[in-house]
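Working notes, beginning with the structure itself.
Naming: A, B, ... by sequence-line order, numbering from 1 per chain. This structure is a prediction, so every number in the text was calculated from the model and none was measured.
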Amino acid sequence: QSALTQPASVSGSPGQSITISCTGTSSDVGGYEYVSWYQKHPGKAPKLMLYDVTKRPSGVSNRFSGSKSGNTASLTISGLQAEDEADYYCSSYTNSRAFAVIFGGGTKLTVL
Amino acid sequence: EEQLVESGGGLIQRGGSLRLSCAVSEFTVDSNSMSWVRQAPGKGLEWVSVIYRDGTTYSADSVKGRFTISRDSSKNTLYLQMNSLRDEDTAVYYCARLDSISATYFDFWGQGALVTVSS
């Protein structure tokens, strides 16, 4: 059982927007501005898409955005494209473990 | 750009040992906190071990006492020594760099090394 809860799957049509949620507790998501998101295509390395809740690394499309409310963080992808189809993982700092980073269980995004 | 290249994966018998290496370039392995993350077939990402800049190490409960993370500054390489391997250790193992400011996210990843544990 993962420490952060994500929906198993979401889907959307090209051009639409989708949102993936990531729910934790006040010891992690709700207590700190340290949520990150990773995109994972099969057979490829994970790729950092967002960090510190809303920040995008250089080279990541501005179609990807992040937000947080209480103990739930969200990743929104606007203008869905076929290449966005992948697994997405959230991650957060936590004050409840020796190693301070925990992952969500992952969400499979299908572009219809 | 920063690069991480894993090696050392393969097919190993249950109970055996294997050492993964992660050669890094464009940054130094001892000036950054580094970690191993794995993904078992059909499963999500699972953190395995971390070595912080100051040398402090931690491992997940699932591998504690069996896996050891280390680094060699002269070779600019990160290692994961895996002993007493179990079927459930079968996974792709990624080395990843933690960001240098907060050490709360992984900003660069290797391409992964497949470890298959078989009886």
Among B:Ala60, B:Ser102, B:Ser49, residue most engaged with chain A (heavy-atom pairs, under 4.5 Å): B:Ser102
Looking at side-chain heavy atoms only, is the closest gap between A:Lys40 and B:Gln39 below 4.5 Å? yes
If you draw a 6.0 Å radius around CD in A:Glu83, do more than 12 non-hydrogen atoms from other residues or ligands fall strictly inside? yes
Are B:Trp47 and A:Phe99 close enough that their ring centres sit under 6.0 Å apart? yes
Assert top hit (heavy-atom pairs under 4.5 Å, partner chain B, pool A:Tyr93, A:Tyr32, A:Tyr34) equals A:Tyr34
Using the rule that Ile, Leu, Val, Met, Phe, Trp and Tyr join whenever any side-chain heavy atoms are under 4.5 Å apart, tell me whether B:Tyr52 and B:Val48 fall into a single cluster. no
Using the six-membered ring wherever Trp is involved, compare the ring planes of A:Tyr38 and B:Phe106 and label them parallel, tilted or perpendicular (cut-offs 30° and 60°). tilted
Calculate, to the nearest 0.5 Å, the distance between atoms OH and CG belonging to A:Tyr89 and B:Leu45 respectively. 4.5 Å
Would you say B:Glu2 has more than 12 foreign heavy atoms packed within less than 6.0 Å of its CD? yes
Give a yes or no on this: more than 12 heavy atoms of other residues, nucleotides or ligands lie within 6.0 Å of atom CD1 of B:Ile101. no
Would you say B:Leu80 ends up clustered with B:Val117 if hydrophobic residues are merged whenever their side chains have heavy atoms under 4.5 Å apart, either directly or through other cluster members? yes
Using side-chain contact (heavy atoms from CB on, under 4.5 Å) as the criterion, point out the one residue from A:Val35, A:Asp52, A:Leu50 that pairs with B:Tyr105. A:Asp52
Spell out, yes or no, whether A:Val29 and A:Tyr88 are grouped together once hydrophobic residues are joined by side-chain heavy atoms under 4.5 Å, including indirect joins. yes
Engaged part of B:Phe108 at the chain A interface, taking heavy atoms whose separation is under 4.5 Å: neither
Heavy atoms only, distances under 4.5 angstrom: which of A:Ser92, A:Pro46, A:Pro42 has the most pairs with chain B? Name it, please. A:Pro46
For a quick test of reading the model, state the closest non-hydrogen atom pair linking A:Val101 to B:Leu98 and the distance between them. CG2-CD2, 4.4 Å
Do you know which two heavy atoms are closest between B:Gly110 and A:Ala45, and how far apart they sit? O-CB, 3.0 Å
B:Trp109 reachable from B:Met34 in the ILVMFWY side-chain graph, under 4.5 Å edges: no
Under a 4.5 Å heavy-atom cut-off, does chain A meet the side chain of B:Val37, its backbone, both or neither? side chain
Same apolar cluster (I L V M F W Y, side chains within < 4.5 Å links), B:Ile69/B:Val29: yes
Hey, could you give me the CG/OG distance between B:Asp107 and A:Ser58, rounded to the nearest 0.5 Å? 12.5 Å
